[in-house]
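Quick caveat: nothing in here was measured; it's all calculated off a predicted structure. Side chains are part of it too, since the values below use all heavy atoms of this structure and drop only hydrogens, waters and symmetry mates.
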Amino acid sequence: MDELAHTNVPGSRTAKRYEDVIRMLENGISVITTVNVQHLESLNDAVAQLTGVRVRETIPDALLRMAGEVELIDVTPQMLQQRMREGKIYASEKVTQALESFFKIGNLIALRELALREIADDVDERLEAWDRDTSLRGPWSRQEVIFVCVDLGELAERLIRRGFRIAHRLKAKWYVHYVHCGTPLDEAGQKRLDMLRRLTERLGGKLETAEAGRGIHKHEQLLARMNEVNTTQLIIGQSRRPIWRMLLKESLVHFLLRRARHMDMLIVADYDAEGAVSGR
């Protein structure tokens, strides 16, 4: 089955092709399929930053871990472009546009590096799983716990994907946590929260939600939850407050820098990945 990430035609039993693959596997059918590295959900932000293009069709990373074997099909960027010019990938009327946008040499080099890193991680994952069974490496280091703190802003998806990537590499537990305070969410806010929950679940996690008061009470509740799950690494976004407001009232970031010194903290930059590359 080709093009694992693609969307099925309207009226199909499942919305996505990868859901068909899961159904076949559940029914004892072996499947060989293909996917491009830019379609992995957790790499969506990295691909947008590298290429300036936000890929809309993605697959859960868990599908790679379901595979009995992952094989890298690798060609040079120049060879790939030549295959496109020969009409072996896209219809002839789409070739010029593709070569001048997403499939430029620079983008292909970056995507090739991502693919090589991903397959190296997969090999390492399988080797370590075997090592754990045969006890070749002795005792394992302490268990890392990744805690991702999100709000409903535009940075939330990037925080969730970053948390998953770090947790996956460290073989760590990870938590995504949202604290709501104030009036109940309106329809748009609830829709946004549901979308973040679905993204977390596609990556194999669970979005926790909690109600809290404002200000320092919210901060203390978050820190209490982090300590409860023995957090070792915290992932959080930059504060969007104006500087003058932070002078009057302590932000969550500053509160945690002062009170959570027993854990590492990653403050993720708030930037427009597509705009940064394209110059918008």
| query | Any side-chain heavy atom of H168 sitting closer than 4.5 Å to one from D61? | reply | no

| task | Answer yes if L72 and I32 sit in the same cluster of Ile, Leu, Val, Met, Phe, Trp and Tyr residues linked by side chain heavy atoms under 4.5 Å apart, and no otherwise. | result | no

| query | Is it the case that one hydrophobic cluster holds both L116 and I105, taking links as side-chain heavy atoms less than 4.5 Å apart, direct or via other members? | reply | no

| Which one of R56, R54, H39 satisfies the side-chain hydrogen bond (donor to acceptor under 3.5 Å, both in side chains) criterion with N44? | R54

| query | Would D20 and R17 pass as an ion pair if we require N to O under 4.0 Å? | reply | no

| said: Do E118 and L114 have side chains that approach each other closer than 4.5 Å (heavy atoms only, starting at C-beta)? | reply: no

| said: Please check: side-chain N/O of E144 versus main-chain N/O of T232, any donor-acceptor pairing under 3.5 Å? | reply: no

| So with a 6.0 Å cut-off around CZ of R85, is the heavy-atom count from everything else above 12? | yes

| Spacing of OG1 belonging to T58 relative to CD belonging to Q38, to within rounding of 0.5 Å | 11.5 Å

| task | Check whether any side-chain heavy atom of M195 sits under 4.5 Å from a side-chain heavy atom of E157, and report yes or no. | result | yes

| OH-CD distance between Y178 and E211, expressed to the nearest 0.5 angstrom | 8.0 Å

| said: Salt bridge or not between E154 and R192? Use side-chain N to carboxylate O under 4.0 Å. | reply: no

| note | Rounded to the nearest 0.5 angstrom, the CG-CZ distance for L40 and R165 is 7.5 Å

| said: For the backbone of L203 and the side chain of R161, can you confirm whether one donor and one acceptor N or O come within less than 3.5 Å of each other? | reply: no

| Would you call the rings of F255 and H219 parallel, tilted or perpendicular if under 30° counts as parallel and over 60° as perpendicular? | tilted

| task | Mark yes when over 12 heavy atoms from residues, nucleotides or ligands other than K16 sit less than 6.0 Å from its NZ; otherwise mark no. | result | yes

| Would D45 and Q49 count as having a side-chain donor-acceptor pair, cut-off 3.5 Å? | no

| said: Pair N107, T51 - check side chain to side chain donor-acceptor pair (under 3.5 Å), show working. | reply: CA-CA 6 Å; N107 288 354; T51 67; 5.0 Å; no

| Salt-bridge present (R198, E201; N to O < 4.0 Å) | no

| request: Evaluate the side-chain proximity of R112 to L80: yes if any heavy-atom separation is below 4.5 Å, no if none is. | output: no

| task | Using a strict 4.0 Å threshold on nitrogen-to-oxygen distance, state whether E19 and R202 make a salt bridge. | result | no

| field | Interatomic distance, I59 atom CD1 to L64 atom CG [nearest 0.5 angstrom] | value | 5.5 Å

| request: Would you check if T231 and Y175 make a side-chain contact, meaning some heavy-atom pair closer than 4.5 Å? | output: no

| message | One pair to check against side chain to side chain donor-acceptor pair (under 3.5 Å): Q78 and Q82. What are the steps and the verdict? | response | CA-CA 6 Å; Q78 292 81 3; Q82 183 59 36; over 6 Å; no

| field | NZ/NE/NH1/NH2 to OD/OE distance under 4.0 Å, K191 and E187 | value | no

| remark: L234 and C149 have their tightest heavy-atom pair at CD1-CB, 4.3 Å

